[in-house]
Enquirer: 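Below are the C-alpha cells for one structure; questions will follow.
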Amino acid sequence: MTDWNQEKIIGLRKKVLEHEFSRMNSRQREAVFAVNGPLLVLAGAGSGKTTVLVNRIANIVRFGDAYHSSEVKQEPDTGLLDEISRCLETGAPLPESACDTLAINPCPPWKIMSITFTNKAANEMKERLSSLLGKRGEEVWASTFHSTCARMLRRSADRLGFSSHFAIYDSDDSKRLMKECQKALGIDDKKISYKSALSEISHAKDAMIGPEEYLRDAGNDERAAKIGLLYRQYQSRLKNADAMDFDDLIFNTIRLFQKNADVLDYYQNRFRYILVDEYQDTNRAQYLFVKLLSEKSRNLCVVGDDDQSIYQFRGATIENILSFEKTFPNAHVIRLEQNYRSTKTILSAANAVIANNENRKGKTLWTENPAGKKIDAHVSFNEQDEAAYIAGIILDEVSAGRHFSDFAVLYRMNSQSNTLERAFTKSSIPHRVLGGLRFFDRKEVRDMIAYLSVICNPSDEIRLLRIINCPKRAIGDKTVAAATQIAAGIGENLFYVLKHAEEFQPLQRSAKKLTDFANMIQDMNSILLEGKTSLADLYRLMLKKTGYVEALAASGDENAQDRIDNVNELTSSLIQYEEENGDEASLPGYLEEVALLADIDNYDSSSDSVVMMTMHSAKGLEFPVVFLPGFEEGIFPGIQAIFNPSQIEEERRLAYVAITRAKEELHLVCAGSRMIFGSTQRNQPSRFAEEIPKELLEVSRAYERKTPAPEARPSAPSYRTHSAVSHSFGAAWKPAAEKSAEKFRAGDTVIHKTFGRGMVLSAVPMGNDTLLEIAFDQSGTKKLMANYARLQKK
DNA sequence: ATAACGTATCGCCAC
DNA sequence: GATACGTTAT
C-alpha cells in the first residue's frame with residue numbers, strides 16, 4: 001500500500017467517524033474519540049454527559065482507537081471504499097463490514113466497565129447501549145459501585161472468609177447491629193450514639209482503616225478507644241452473620257485486591273476501559289477502587305461536575321475531581337459547557353448562584369435555547385398556601401395543555417412532602433412521592449425480607465432477632481437474651497442454640513417454641529436448597545407457615561389491610577425478579593437487588609402524574625416545570641448549614657442542581673411562616689434567591705395574586721393580617737368539594753377570569769373533576785378543568 | 001415473662 | 001409525627 005493510499009484511508013476514516021457521531025458537538029466528539037489514557041470530562045448540568053458516555057463506549061466497541069491511530073489494518077477493497085463514500089454523502093448507516101475494516105483495536109464489550117451512581121442510571125445506560133450496539137451492548141459491565149463490588153466479592157468471597165452468598169446489610173440493619181454491639185459492650189447510647197459510632201466507622205472504612213488499626217490510632221483518646229471497640233465488635237458480628245454493610249462492599253473489595261495480587265491482576269487485565277459517571281460524588285475508597293483497577297490499562301474516563309457535588313455529607317470528596325490531573329499525569333481534560341436543557345433565563349440564574357462559591361474549578365454554561373419565561377419567585381403566607389399556590393399553577397397549566405408529568409416538586413427534606421401531598425390530593429392532582437417511606441422500608445416488608453434472609457442464611461443474626469418473635473410466638477426478650485449469651489459462650493451462632501434449645505438448661509422453659517421456630521426455618525431452608533421450588537412459591541409457603549398475614553389481620557391495626565397488601569405485593573416483586581433473571585435467579589441475588597435499591601430507581605416517568613422528591617434524588621433528571629418550595633433560610637440552606645461556610649457551599653451546589661433540573665419554567669416558593677418540628681417559624685427568603693439577578697425574577701406575594709384584602713399591607717404583614725389574608729387566600733383556592741356541585745355541560749355559556757366569554761363544547765368527567773373544552777370568543781378553544789377554571793355560568 | 005400501654009425523644013440528604 | 005424506650009397489667 002502506498003503512503004498516499006494510507007493517508008487517504010486515515011482521512012476517510014476520520015470523516016466516517018465524525019459522521020457516525022455527527023449528532024454531537026465538537027467537544028462531545030472529542031471526548032468520544034479520546035479513548036486511550038486518563039480522561040476527565042467536566043460536564044456541566046444538561047450538557048449531554050450520558051450521551052457522551054454511551055457514545056464513547058459505542059465508539060470503543062465498534063472502532064476502538066481508530067480516530068487517533070495512524071495504523072491501517074489492511075487496504076479495504078475499492079468496492080467497500082466506494083460504498084462508504086456513498087454512505088457519507090447520503091447519510092445512510094454504515095454497513096457493519098465497514099466498521100470492521102475501519103476499526104483499530106476494537107474492544108469486546110465485556111472488557112468495558114461503566115460505573116454509575118444509581119441503578120436507575122445504570123439501567124438507562126444499559127438501555128441506551130443496547131439500542132446503539134444491539135446485543136453486544138448488554139455485555140458491558142454497567143452498574144453501580146456497590147453492585148460491581150458485590151459481584152466481584154461473591155466470586156472471591158472465600159479469600160476473605162465469607163461465603164459467596166453473603167448478606168448485604170442496609171442502614172437499618174447496620175443500626176440494629178450497632179445497637180446490639182452497644183448492648184454487648186455496655187456502652188451507653190447517650191455517651192456514644194449509634195449514629196455517631198456508625199458514621200465514625202463509615203469514615204474509617206472510607207480511609208481504609210480497619211478496627212485494629214483504628215484502636216491503635218486511638219491511643220489515649222477514651223472516646224476513640226470505645227468507638228474502636230464498637231468497630232471491632234461490629235465487624236466480628238458481621239463476619240459471624242456472613243454479612244457486609246454498604247461500606248464493606250467497597251472496603252473489602254479493595255482489601256481483596258491488595259491482598260490477592262492474582263485477583264487484582266485478573267480484573268486489571270479483564271477491564272481494558274473503565275468509565276465512571278458522577279465522579280464528583282465518589283469517596284476516597286471508591287477512588288482507590290477505580291485507581292487500582294485502571295492502573296494497568298490507564299484507560300480511565302471520569303465524568304463529573306464539581307458544581308454538582310452534593311454528597312460530601314456522606315464522604316464524597318470533591319478532591320477526587322479537583323486533583324484528577326495531579327493523580328493521573330497527562331490526563332486529558334475536556335469541558336462540556338453547552339447546555340441543551342434549560343432556557344437562558346434559568347441557566348443565567350444557576351450560573352449566578354453557583355458563582356458565589358469559592359471552591360470550584362469554575363465554568364460557565366451557555367445555551368442556544370431561547371430566553372424563556374422569567375423565574376417566578378413567590379412569597380406565600382405559610383406552608384399550606386405554598387402548597388395551594390403550587391397546586392393552583394399546576395391546574396392552570398394543565399388546563400392550558402400541559403401534562404401532569406411535566407411538573408416536578410423538589411424539596412430539601414422529605415418532611416416537606418406531607419403538606420404538598422395533602423394539597424394535591426385535595427385538588428385531585430395525580431402525584432407520586434419518591435422517597436420518604438420506601439416500599440422496602442416498610443416494617444412488614446422488612447420483616448418478610450428478614451425471613452427470606454434467614455431462610456437463605458440462618459446465621460444472619462440481626463435478621464433472625466428481628467423475626468424470632470414476629471408474629472408473636474411468646475418468645476420474650478429474656479429468652480432471647482439468654483440464648484444469645486449461650487451462643488456467644490459456646491462459640492456457635494444463635495440459630496444453632498435455638499435448634500438445640502433442649503440441651504441448654506436456661507432455655508428449658510421455652511425450648512419447644514424455640515425448636516419449633518428453628519425447625520420451620522430449617523424446613524424452608526431445605527426446600528430452598530433442593531432448588532425445585534420457585535422463589536414466589538417458597539414465599540407463599542413461608543407466609544402460610546409463619547401465619548404472618550393472619551397475625552396482621554387479627555392485630556386490629558387500622559392499617560392492617562395496607563400491610564397485608566404490601567406483604568402480598570412482595571410476591572409480585574419476586575415473580576418479576578424471577579422473570580427478569582430466568583435461570584440466574586436466586587434468593588441471594590434477589591436480596592442483593594433489594595438491598596442495593598434506591599428509591600429513585602422506582603421512578604417511572606411514563607405515568608402522567610406530578611412527581612415529588614428531594615433535590616438530592618432529582619440529580620440527573622429533568623422536567624419542563626420545576627417547583628422549589630421552602631426556598632427559605634433555615635430550610636434551604638438548612639439550619640445546620642447556616643453558620644458553616646463549607647456546608648453553605650454544599651447547599652449552594654444543591655441549589656445549582658435543583659435549578660438546573662428545570663427546562664422551561666422555574667418557580668421558587670417560600671413561606672412567610674411555617675410549622676416546623678411542631679413550632680411555627682418565620683423564615684427569611686433564601687439567600688440563594690437573593691443571589692439571582694433581579695431582572696431574571698418575577699416576584700409575587702400571596703396577597704397580590706388574589707383580590708388584595710384591604711388590611712393587607714405590602715410590607716411585613718403583622719400576624720393578624722397574615723392570618724386573615726391567608727384564610728381568604730386559602731378559601732379561594734380550595735374549591736374541590738364545594739364547587740364540583742356546579743356542573744357544566746356542552747352548550748353552556750361561561751365567563752372565565754382571563755379568557756372572557758366562551759361556550760362549552762364538551763364536558764368529560766375525569767376523576768373528581770370534569771375536563772371542559774371551551775370555545776372562547778376572544779382567545780380560541782381551550783381545555784380546562786372545571787373545578788379550577790373558576791368559571792361563572794351565564 | 002410477656003404484652004400492651006403510655007411517654008420521651010428526635011428529627012435532612014442515600015448506596 | 002413516628003419511633004424507641006420504660007412502665008404497668010396480665
Side-chain angles (χ1 to χ4, degrees), chain A residues 115-122 143-150 168-176 179 183 188-190 193-195 198-199 202 205-206 244-251 278 281-283 285-286 309-316 410-419 434-438 440-443 469-482 506-507 509-510 513 555-557 559 592-601 613-619 630 634-641 647 650-651 653-654 657-658 675-679:
Chain A
I115 297 179
T116 51
F117 216 63
T118 60
N119 291 297
K120 181 178 183 294
S143 52
T144 62
F145 271 107
H146 294 272
S147 12
T148 305
C149 288
I168 297 171
Y169 277 9
D170 66 14
S171 23
D172 184 72
D173 300 314
S174 299
K175 182 175 107 188
R176 283 163 177 268
K179 289 193 165 178
K183 229 193 287 174
D188 189 0
D189 192 76
K190 293 211 173 63
S193 69
Y194 71 87
K195 265 192 176 165
L198 280 174
S199 110
S202 176
K205 285 176 181 171
D206 186 30
M244 300 187 195
D245 70 12
F246 286 142
D247 298 319
D248 286 338
L249 292 175
I250 318 280
F251 181 92
E278 308 281 12
D281 289 329
T282 52
N283 61 26
Q286 288 165 335
S309 160
I310 54 174
Y311 285 109
Q312 285 183 44
F313 70 90
R314 66 164 201 223
L410 311 179
Y411 33 79
R412 179 66 238 268
M413 47 194 172
N414 273 316
S415 54
Q416 287 172 261
S417 69
N418 274 331
T419 318
L434 277 133
L437 246 198
R438 285 160 40 197
F440 285 100
D441 282 341
R442 302 227 160 90
K443 185 184 172 301
N469 197 30
C470 185
K472 301 269 181 281
R473 293 189 181 85
I475 301 174
D477 295 344
K478 282 277 153 70
T479 313
V480 173
L507 300 177
R509 297 220 335 206
S510 359
K513 294 175 226 157
S555 70
D557 185 328
N559 302 322
E592 174 176 324
E593 196 172 292
V594 168
L596 297 180
L597 207 65
D599 49 11
I600 189 68
D601 297 338
M613 64 180 100
T614 63
M615 297 174 180
H616 280 89
S617 302
K619 196 179 64 167
I635 304 273
F636 188 43
I639 189 80
Q640 78 299 338
Q647 279 196 51
E650 174 138 332
E651 297 278 294
R653 287 191 294 270
L654 187 56
V657 168
M675 261 286 246
I676 190 157
F677 300 149
S679 62

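These figures come from a predicted structure and were not determined experimentally. Here is the naming used below: chain letters follow the sequence lines, and residue numbers restart at 1 for every chain.
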Enquirer: Rounded to whole angstroms, how far apart are CG on A/Asp206 and C1' on B/dC15?
Expert: 13 Å

Enquirer: Please identify each residue that fulfils side-chain hydrogen bond (donor to acceptor under 3.5 Å, both in side chains) with A/Asn469, with sequence neighbours left out.
Expert: none

Enquirer: Expressed as a whole number of angstroms, how long is the span from A/Glu278:CD to B/dA14:P?
Expert: 14 Å

Enquirer: So which heavy atom on A/Leu434 is nearest to which on A/Tyr411, and how close?
Expert: O-OH, 4.2 Å

Enquirer: Could you run down nucleotides 1-7 of chain B 5' to 3' and tag each one B, S or - for protein heavy-atom contact under 4.0 Å?
Expert: SSS----

Enquirer: Measure the distance from CD1 on A/Ile168 to C1' on B/dC15 and round it to the nearest whole Å.
Expert: 10 Å

Enquirer: For B/dC13, is there a stacking contact with A/Phe313, counting only centres under 5.5 Å and planes under 30°?
Expert: yes

Enquirer: A/Pro506: what forms a side chain to side chain contact (heavy atoms under 4.5 Å, CB included) with it, not counting sequence neighbours?
Expert: A/Ile486, A/Phe504

Enquirer: Below the 4.0 Å mark, does B/dA14 have OP1 or OP2 next to a side-chain nitrogen or oxygen of A/Ser617?
Expert: yes

Enquirer: For A/Lys195, give me all partners under salt bridge (charged side-chain N to carboxylate O under 4.0 Å, His left out), at least two apart in sequence or on another chain.
Expert: none

Enquirer: Tell me: CD of A/Gln312 to C1' of B/dC13, nearest whole Å?
Expert: 13 Å

Enquirer: Looking at A/Ser415, does any N or O in its side chain come under 4.0 Å of the phosphate oxygens OP1/OP2 on C/dG1?
Expert: no

Enquirer: For nucleotides 4-10 of chain C, list the nitrogen or oxygen atoms of the protein found under 3.5 Å from its nitrogen or oxygen atoms, one pair per line.
Expert:
none

Enquirer: Output the rounded distance in Å from CD1 (A/Ile635) to P (B/dC13).
Expert: 12 Å

Enquirer: Provide the closest heavy-atom pair for A/Ile168 versus A/Phe246 in the form atom of the first, atom of the second, distance.
Expert: CG2-CE2, 4.1 Å

Enquirer: Over how many whole Å does the gap from A/Asn418 atom CG to B/dG11 atom P extend?
Expert: 18 Å

Enquirer: Would you classify A/Tyr311 as touching base, sugar-phosphate or nothing, given that sugar-phosphate means primed atoms plus P, OP1 and OP2, and contacts are heavy atoms under 4.0 Å?
Expert: sugar-phosphate

Enquirer: A/Asp172: which residues meet the side chain to side chain contact (heavy atoms under 4.5 Å, CB included) condition with it, sequence neighbours left out?
Expert: A/Asp170, A/Lys175, A/Arg176, A/Arg446, A/Arg466

Enquirer: Mind calculating the distance between NZ (A/Lys195) and P (B/dA14) to the nearest angstrom?
Expert: 13 Å

Enquirer: Check the distance between B/dA14's P and A/Asn283's CG and give it to me in whole angstrom.
Expert: 16 Å

